[in-house]
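Nothing here was measured: the structure is a model prediction, and the numbers come from that model. By convention in this document, chain letters (A, B, ...) are assigned in the order of the sequence lines, proteins followed by strands, and residues within each chain are numbered from 1.
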Protein chains: 2
Amino acid sequence: MAQPTLDTFQVIADPSRRKMLKLLSKNSLTINNLADNFDMSRPAVSKHVKILHTAGFISIQDIGRERYCILKQDGFNELQEFISYFDKFWVSKLKKLETLLNNKLDNKNN
Amino acid sequence: MAQPTLDTFQVIADPSRRKMLKLLSKNSLTINNLADNFDMSRPAVSKHVKILHTAGFISIQDIGRERYCILKQDGFNELQEFISYFDKFWVSKLKKLETLLNNKLDNKNN
DNA sequence: TGGATATGTAATTTTTAAGTTACGTAAATG
DNA sequence: CATTTACGTAACTTAAAAATTACATATCCA
């Protein structure tokens, strides 16, 4: 696993990484804690963690030889922007439809 | 480009496909209209469109020999659920923090 | 009706992400 | 202080997505 710099969307495209985020929303976990929840090797988990960290989805706190992974909001921002962009689109589309319908009703009543 | 069935997250992981969705939020476009906005070959665009369609991000309307791509809300649902799951997480985390702070203030005032 | 246009599909190649094994290092522990 | 534990990293392999080229088909138009 070379370390490509993945963008926000590529980061959450991986099901394992999404599962990690969900796990971390319950508890902060060490790399080994995380690895217990997956079938893959520990180094693989370690690399996923690095990717999540780089992309701002988690922060990491070293305590002795352990690394705690803590969910972090930053990574989600770009996703939220994306969604909200299209949310606005749907809302405005709906409004246009409403206007159209109202006009039709008005015409009928005249 | 074989046609693997990509999940919602994989679909938007591709920058070209995200760009297509943005373009389609301005206007409905044919395959060739879309292709004009990209460096890649037309068949490549065609395949991206198929992927977007399969995943419910667009609907397609054939008019003669042209295919119009129209933005569709369905594909975005899973993304919204994902985001809202973590949104709730941040909100509840914030509330816990508030409670904690309030308790500390109360203690001071006693 | 014949050529141009708009598109899909199949075969192949290229690219890249994801996984594994093997190994190295620093902290804890008996 | 030797060993175990918790991790990182490098080298390599595997798998899968993305792009291209070449070709097929259906519609439109002169």
Starting at atom [atom1] of [X], determine the distance to atom [atom2] of [N], rounded to an integer number of angstrom.
X: B:Asp14; N: C:dT15; atom1: CG; atom2: P; answer: 16 Å
X: A:Met40; N: C:dT21; atom1: CE; atom2: C1'; answer: 16 Å
X: A:His53; N: D:dT9; atom1: NE2; atom2: P; answer: 12 Å
X: A:Lys50; N: D:dA10; atom1: NZ; atom2: C1'; answer: 11 Å
X: B:Arg42; N: D:dT21; atom1: CZ; atom2: C1'; answer: 12 Å
X: A:Glu66; N: D:dT5; atom1: CD; atom2: P; answer: 13 Å
X: A:Ile60; N: D:dA6; atom1: CD1; atom2: P; answer: 17 Å
X: B:Leu34; N: C:dT7; atom1: CG; atom2: P; answer: 9 Å

Assess the side chains of [X] and [Y]: does a donor N or O sit below 3.5 Å from an acceptor N or O?
X: B:Asn102; Y: B:Thr99; answer: no
X: A:Gln10; Y: B:Asp14; answer: no
X: A:Ser84; Y: A:Asp87; answer: no

Practice problem: Quick one: which residue pairs count as a salt bridge (charged side-chain N to carboxylate O under 4.0 Å, His left out) with a foot in residues 28-46 of chain B, not counting sequence neighbours? | Solution: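 Pairs touching residues 28-46 of chain B that pass the test: none.
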Self-check item: Listed partners of B:Asp7 passing salt bridge (Lys or Arg N to Asp or Glu O under 4.0 Å), at least two apart
Solution: A:Arg18
Quiz prompt | 5′-ward residue of the pair B:Asp39/A:Asn33 relative to DNA chain D | solution = A:Asn33
Listed pairs, N/O of protein and of nucleotides 27-30 of chain D, under 3.5 Å:
residue	atom	partner	partner atom	Å
D:dT27	O2	B:Arg65	NH1	3.1

Exercise. For DNA chain C, determine which residues of residues 21-32 of chain A have any heavy atom closer than 4.0 angstrom to one of its atoms, and list them numerically.
Key: none
Which nucleotide in [options] has an atom nearest any side-chain atom of [X]:
X: A:Lys47; options: C:dG8, C:dT20, D:dC7; answer: C:dT20
X: A:Arg17; options: C:dG8, C:dA18, D:dA18; answer: C:dA18
X: B:Ile51; options: D:dA18, D:dT21, C:dT20; answer: D:dA18
X: A:Ala44; options: C:dT20, D:dT20, D:dG8; answer: C:dT20

Practice problem: Would you list the pairs meeting ring-ring contact (aromatic ring centres under 6.0 Å, His included) in which at least one residue belongs to residues 15-44 of chain A, sequence neighbours left out? | Solution: none
Practice problem: Enumerate the residue pairs fulfilling ring-ring contact (aromatic ring centres under 6.0 Å, His included) with a member in residues 54-74 of chain B, sequence neighbours excluded, ordered by first and then second residue. | Solution: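 Passing the test, one end in residues 54-74 of chain B: B:Phe57-B:Phe76.
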Self-check item: Contact check, side chains of B:Thr8 and B:Leu79, non-hydrogen atoms, under 4.5 Å
Solution: yes
Quiz item: Are any non-hydrogen side-chain atoms of A:Phe9 and B:Phe9 less than 4.5 angstrom apart?
Solution: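 Of all side-chain heavy-atom pairs linking B:Phe9 with A:Phe9, none is under 4.5 Å.
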Quiz item: What about B:Phe86 and B:Phe82, are their ring centers closer than 6.0 Å?
Solution: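 When the ring centroids of B:Phe86 and B:Phe82 are compared, they turn out to be within the sub-6.0 Å range.
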Exercise. State whether A:Ser46 places a side-chain N or O below 4.0 Å from either non-bridging phosphate oxygen (OP1 or OP2) of D:dC7.
Key: no
Quiz item: Pick the nucleotide of DNA chain C nearest each of A:Gln10 and B:Tyr68; which residue has the one closer to the 5' end?
Solution: B:Tyr68
